[in-house]
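So that the names make sense, note that chain A is the first sequence line, chain B the second, and so on, each numbered from 1. Source: prediction; values computed, not measured.
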Protein chains: 2
Amino acid sequence: MRLVVARCQVDYAGRLTAHLPMATRVLMIKADGSVLVHSDGGSYKPLNWMSPPCTLAEGHDENGTAEWVVTSTKTGDSLRILLEEVHSDSSHELGVDPGLVKDGVEKHLQELLAEHPATLGEGLVLVRREFPTAIGPVDLMCRDAEGRSVAVEIKRRGEIDGVEQLTRYLELLNRDPLLAPVRGIFAAQAIKPQARVLATDRGISCAVVDYDALRGMDDAEARLF
Amino acid sequence: MRLVVARCQVDYAGRLTAHLPMATRVLMIKADGSVLVHSDGGSYKPLNWMSPPCTLAEGHDENGTAEWVVTSTKTGDSLRILLEEVHSDSSHELGVDPGLVKDGVEKHLQELLAEHPATLGEGLVLVRREFPTAIGPVDLMCRDAEGRSVAVEIKRRGEIDGVEQLTRYLELLNRDPLLAPVRGIFAAQAIKPQARVLATDRGISCAVVDYDALRGMDDAEARLF
DNA sequence: CATTTCATGTCGCGG
DNA sequence: CCGCGACGTGAAATG
């Protein structure tokens with residue numbers, strides 16, 4: 001890992017072209033050759049960058065100014081960095097990172113709900129997870145106490161897209177005489193008001209899911225075995 | 001901008017929880033207080049981060065180890081960084097960045113198709129670009145050889161969202177007796193199978209656009225003047 | 001390897 | 001401030 005603080009100008013050419021006027025920035029060069037150009041603001045996204053695999057060639061332009069050219073070995077995208085003044089240039093041995101451990105994503109939520117479908121509605125029984133349709137899999141297909149089909153769409157955060165998605169599934173599923181009538185449940189840890197309005201308007205019910213409670217149920221169950 | 005190279009452990013709690021075991025990494029602290037944790041690989045996305053607005057509190061844990069706690073002032077998300085050993089710690093004055101100048105493909109594609117609507121369908125004539133409706137502008141409004149209205153939605157990559165968008169426009173436009181009947185064309189440089197199925201099912205035709213060929217037509221035309 | 005879906009998405013625009 | 005769409009989306013899982 002090499003860190004350079006320098007007054008520089010950057011030009012990118014690839015799927016689009018982009019230009020950064022001369023200013024002081026931080027250049028991060030990772031062990032795999034990838035380059036990040038960061039300013040002192042914004043968020044985690046660099047102003048400009050080159051993803052691996054790529055190669056960095058250090059040279060000089062016609063005026064003798066230091067020039068780096070980073071080229072993607074795969075796509076041919078290029079990043080040209082003109083270094084007017086280097087304030088700092090240091091390298092550090094980092095070693096391989098053990099990696100990130102995450103907890104609490106949609107997949108886990110789907111697993112928990114698949115194991116406890118009744119939390120979505122009394123008497124609900126799981127028929128199948130990732131129920132296949134022509135336009136993609138329905139997260140959960142269930143049957144209610146009356147034996148009617150229920151399609152469940154699960155999101156971490158319930159927004160309008162999710163309702164649209166479930167609507168498409170329902171439209172398709174309801175054309176199948178073996179399944180119809182199919183009703184829908186939109187399940188999420190939190191549901192935005194607009195999404196709730198749209199869902200309700202389309203006869204889709206909403207279920208707010210308590211992730212911690214579900215995990216608790218799961219743990220309690222696991223302890224029995 | 002402060003750059004710290006340190007052996008550290010990181011724990012994030014927010015929309016999800018995530019843990020980084022003890023290892024040597026680069027910590028980037030921007031002027032607005034935001035923090036990025038980078039390893040020597042991956043891509044431009046940090047292993048962990050905190051977006052502004054946030055505050056960084058430096059202190060020590062119960063064992064006397066240096067501990068940073070970064071808290072989002074808005075969402076309450078927190079990032080806890082334990083620093084076992086600091087290899088380097090430097091600060092740099094960067095100043096305000098003049099910002100990125102982009103020259104994209106999306107808008108250009110719309111301009112080219114506006115100039116050559118017949119490539120989307122024989123006899124097609126442009127009525128207006130960015131045709132206004134209550135729910136947003138239609139990319140291109142045209143008329144075909146028979147004088148019927150045609151709404152065109154343009155995407156670089158044709159996916160299901162684009163079909164949904166065009167469907168909403170068509171539904172609205174077809175309520176206008178001066179325009180109706182309006183048919184739709186979904187134009188993109190590439191159209192995903194699922195999007196094509198949905199479009200076809202809804203009576204929307206698909207047009208795959210050759211960007212380079214269009215640009216070539218435009219250049220040839222420009223040479224005449 | 002192509003494709004689809006998820007993301008602590010982020011970013012920017014318009015109402 | 002919120003909704004919505006684009007992104008050099010990237011990255012992971014899956015067939």
Nearest to the side chain of A:Pro137, heavy atoms from C-beta on, is which of C:dT5, C:dT10, D:dG8?
C:dT5
Distance, rounded to the nearest Å, where B:Asp97 contributes CG and C:dC11 contributes P
14 Å
Can you tell me if the side-chain N/O atoms of A:Gln165 get under 4.0 Å from OP1 or OP2 in C:dT5?
no
Looking at A:Asp40, is its backbone amide N or carbonyl O close enough to the side chain of B:Lys30 to form a donor-acceptor pair, meaning the two atoms are under 3.5 Å apart?
no
Measure the distance from CG on A:Leu100 to C1' on D:dA12 and round it to the nearest whole Å.
13 Å
Within the 4.5 Å heavy-atom criterion, are B:Asp61 and B:Leu82 side-chain neighbours or not?
yes
Using OP1 and OP2 only, check whether a side-chain N or O of B:Lys45 sits under 4.0 Å from C:dA7.
no
Send over the distance from A:Glu159 CD to C:dT5 C1', rounded to a whole Å.
15 Å
Which nucleotide in the list D:dG8, D:dG3, C:dT8 gets nearest to the side chain of A:Arg156?
C:dT8
Kindly say if B:Arg168 contacts the phosphate of D:dG5, meaning a side-chain N or O under 4.0 Å from OP1 or OP2.
yes
For atom C1', what is the distance between C:dT10 and C:dC6, given to the nearest Å?
14 Å
Under 4.0 Å between any heavy atoms, over every strand shown, what does A:Gln194 touch: base, sugar-phosphate, or nothing? Just pick one.
sugar-phosphate
If you count heavy atoms of other groups shown closer than 6.0 angstrom to CD of A:Glu58, is the number above 12?
yes
If I take atom CD1 in residue B:Ile191 and atom P in nucleotide C:dT4, what distance separates them, rounded to the nearest angstrom?
13 Å
Checking A:Ser39 against A:Arg25: is there a side-chain donor and acceptor pair closer than 3.5 Å?
no
Mapping A:Ile160 and B:Tyr44 to their closest nucleotides on DNA chain D, which lands nearer the 5' end?
A:Ile160
What is the separation between atom CG on B:Leu166 and atom C1' on D:dG5, rounded to the nearest whole Å?
15 Å
Is a side-chain donor or acceptor of B:Asp139 paired with a backbone partner of B:Ile154 at a separation under 3.5 angstrom?
yes
Hey, what's the ring geometry for A:Trp49 with B:Tyr44, parallel, tilted or perpendicular (30° and 60° as the breaks)?
tilted
Quickly work out the A:Ile154 CD1 to C:dT5 P distance and round it to whole Å.
15 Å
Shortest side-chain distance from A:Lys155, nucleotide among C:dC6, D:dC4, D:dG5:
C:dC6
Which whole-number value in Å describes the distance from A:Leu16 CG to D:dC7 P?
8 Å
When rounded to whole Å, the NZ to P distance for the pair B:Lys102 and C:dT10 reads 15 Å
Residue pair B:Glu153/A:Pro193 against DNA chain D: nearer the 5' end by closest nucleotide is A:Pro193
Would you mind telling me which residue lines up with the more 5' stretch of DNA chain C, B:Tyr12 or A:Ser43, judged by nearest nucleotide?
B:Tyr12
Between B:Ser205 (side chain) and B:Phe186 (backbone), is there a donor-acceptor pair under 3.5 Å?
no
One thing to verify: whether B:Arg129 and B:Glu115 come together as a salt bridge, which I'm taking to mean a side-chain N less than 4.0 angstrom from a carboxylate O.
no
Nearest to side-chain heavy atoms of A:Ser51, which nucleotide of D:dG8, C:dC11, C:dT8:
D:dG8
Atom pairs under 3.5 Å, N or O on each side, protein against nucleotides 13-15 of chain D: can you list them with distances?
{"unit_1": "D:dT14", "atom_1": "OP1", "unit_2": "A:Lys107", "atom_2": "NZ", "d": "2.9"}

